[in-house]
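Below is one structure, written out as structure tokens, with a few remarks after it.
Each chain gets a letter, A, B and so on, in the order its sequence line appears, and its residues count up from 1.
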Number of protein chains: 2
Amino acid sequence: MRYVMVQIPNKPASTMPPAPRPVPTSADVARLAGVSRATVSYVLNNTSAVRISEPTRRRVREAARELGYVPHAAARTLRAGHSRMVLMPTLPVPAGPLYSRFVHDFQGAMSRLDYTVVQYGASGVGGDEAARAWAELRPVAVLVPGTGIGPEGVAILKRSGARAVVTLGPEAVEGAHAMLLDQADVGRGAAGHLHARGRRRIGVVVPEEPGMELFSAPRLAGAREALRGADATVTELPLAYTEEAADALAARWRGLGLDAVFGYNDEYAMLLLRALRDAGLRVPEDVAVIGADDLLLGRLLRPRLSTVRITLPLGRELASLVDRAVRNPAAAPESHALFSVAVVHRDSS
Amino acid sequence: MRYVMVQIPNKPASTMPPAPRPVPTSADVARLAGVSRATVSYVLNNTSAVRISEPTRRRVREAARELGYVPHAAARTLRAGHSRMVLMPTLPVPAGPLYSRFVHDFQGAMSRLDYTVVQYGASGVGGDEAARAWAELRPVAVLVPGTGIGPEGVAILKRSGARAVVTLGPEAVEGAHAMLLDQADVGRGAAGHLHARGRRRIGVVVPEEPGMELFSAPRLAGAREALRGADATVTELPLAYTEEAADALAARWRGLGLDAVFGYNDEYAMLLLRALRDAGLRVPEDVAVIGADDLLLGRLLRPRLSTVRITLPLGRELASLVDRAVRNPAAAPESHALFSVAVVHRDSS
DNA sequence: TTGAAAGCGCTACCAG
DNA sequence: CTGGTAGCGCTTTCAA
């Protein structure tokens, strides 16, 4: 006598969610093709160490196609003990054009090296908590932008099998490779330039949009630092990215007694520059203006906008760093400064 | 007599890669805490169906902390049979500001609903091949921008357990929910506006940057279509995003005999507008200019740039659509047109 | 309150 | 050339 387990619906069939056809597995393919699961695996992975007759191969492929079989990445990863996923947490703010391009290039370069780059939607948690969430995915490498990770987080990732951790931020983190990229340099460059041009009462725009302090705070701090000890003042200028806010700021400009402004980036600078001119101020005579990022559009406005040009690391170079690090995880962490900053003096300062 | 397997290095120890300390598993935690793996699982997942004594809980947590234990997502997914990952293939081009913001909002909304959004770096393959690669990850939902998937691809994903497939493109795909979003509408809007303003010989900028044809081709086609049968001509104007290219185009402008131009988007439009004016042409008298995307910067240029405003679906609304679809996979696919297009007439046309 | 064990889907070893 | 099978790390019944 044999017994068979039968699934008993615990609700009337009419209210049950329609039984989703179960996802086909390699066992289903094997059954349909009349071979073993091992053979299926050999055929579908073109395992060269093993010879499978052509008719068998055809039967297996045919069965897989018929069932719409797709292998299960999690199972494969579990079995293999490693994957080729490179994890990149997404920024907590919408990406700007420079960063978008950088990520795109990096992704292209990595896929040419046969890695898969995955941008992981940060779930709001931070610090070691975030590092743990990333570690759960067992990526082969992690590329962390900003200051979202510390030595403890790096250790967590490495203990979980990450063969390379690379940070993209202002300072190297113990145990991780670093692409040095300090937003404060941008503020230093801008403030230094304005000071060199003879300006002494310098405003620094700070976007009011939430999350932007990630970039604006170091840029402001850099400006402050560059002028420390010099006979100059730095005034923080909160500004929302709207025409109205810019006009309002321009309207009370004369009362501020400033002779120069660093506009956070080219977009805010262009916005403010236009508002200042509309308010009757002369640029650069009454007020010098400088932006950052060297957007093409900044060159179109008149007067042409001075700016701080930022060179992000090339996706290719970073990809090759990651690849080397993965291949040789024992190597000492490298610090690179492919990021660089250069003042471009045009007409607005 | 018992035998024990011993791992024999096949190279001299000095040239061996340093044996990476194996990643701790829940079994290691159990061993260290002196309990079973089941207990570890109960404690770390706060399983409420089971009471574990407080001292035991502490011992387990302490052991986990000491080892730096992080659970293995692949194993958990495999066991659970499902995950809460929402897959979003990355665009084949760097994202623009509108799209970046949209993705950011969507991600935030999804994580509030307790899903994890993952942007998956497309490996260059396309069509059903790409769909299969996505299906390997067994995402609970897939959000596909553009025209990167057909009915066959949707079927593959659903057979692999995806409970919702949503496309973000010009037309609904069999079996998938759709957020209708046709770039051709932008071209239609722009061309219609220019024609209504009395222009008849209309140029359409087509960016030369690789990959942009994804967006520029439908915009051009939409413009052509809007003017079909009207007494108007459409001229394709290839343009690279550099000042030199814009100046070169402006230099031969009079020879082209055009009285209006749709600049692909605001950035190209601003670039070209400036070059045309520098070449001595009057805007809008000699040539009307219109862009698209309604960037704030377009309002700063003089004359103020006319534009086609594009409203992307809100991240929140899309997130709720995805969530509903996941909860009720049997529901008929919905088509929404939260995307909309409106001509904003300013001074340049 | 805790432990033993099955099994998710896959690949790689070894035997036939 | 092909099949049987162990085991990757985890959760979850069932039994003690």
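- Atom CG in B:D28 sits about 13 Å away from atom C1' in D:dC10, given to the nearest Å.
- For the pair B:R132 and B:D128, the salt-bridge criterion is not met [side-chain N within less than 4.0 Å of a carboxylate O].
- Rounded to whole angstrom, the span from the NE2 atom of B:H72 across to the C1' atom of D:dG7 amounts to 13 Å.
- Dashed line: the shortest gap from a side-chain N or O of B:S41 to OP1 or OP2 of D:dT11 is under 4.0 Å.
- In this structure a side-chain-to-backbone donor-acceptor pair under 3.5 Å is missing from A:R159 to B:P24.
- B:H82 places its NE2 atom 17 Å from the P atom of D:dC10, with the value rounded to the nearest Å.
- No side-chain donor from either of B:Q119 and A:T90 sits under 3.5 Å from a side-chain acceptor of the other.
- Ring geometry for A:F102 against A:Y99 counts as tilted: the plane angle lies between 30° and 60°, on a 0 to 90° scale.
- One can place CG of A:L137 at 15 Å from C1' of D:dC10, the figure rounded to the nearest angstrom.
- The pair A:E62-A:R59 fails the salt-bridge criterion, with no side-chain N (NZ, NE, NH1 or NH2) lying under 4.0 Å from an Asp/Glu carboxylate O.
- In this model, the phosphate group of C:dC10 is approached by a side-chain N or O of A:S26 to a distance below 4.0 Å at OP1 or OP2.
- A:Y69 places its OH atom 10 Å from the P atom of C:dG9, with the value rounded to the nearest Å.
- Taking atom CG of residue A:L78 and atom C1' of nucleotide D:dG7, one finds them 9 Å apart after rounding to whole Å.
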Identify all pairs in which a protein N or O lies below 3.5 Å from an N or O of nucleotides 1-3 of chain C, and state each distance.
residue, atom, partner, partner atom, Å
C:dT2, OP1, B:S53, OG, 3.3
C:dT2, OP1, B:T56, OG1, 2.6
C:dT2, OP2, B:S53, N, 3.2
C:dG3, OP2, B:S36, N, 2.7
C:dG3, OP2, B:S36, OG, 3.3
C:dG3, OP2, B:T39, OG1, 3.0

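- With contacts defined as side-chain heavy-atom distances shorter than 4.5 Å, the pair A:E136/B:R76 qualifies.
- One atom, CZ of B:R79, and another, P of C:dG7, lie 10 Å apart when rounded to the nearest Å.
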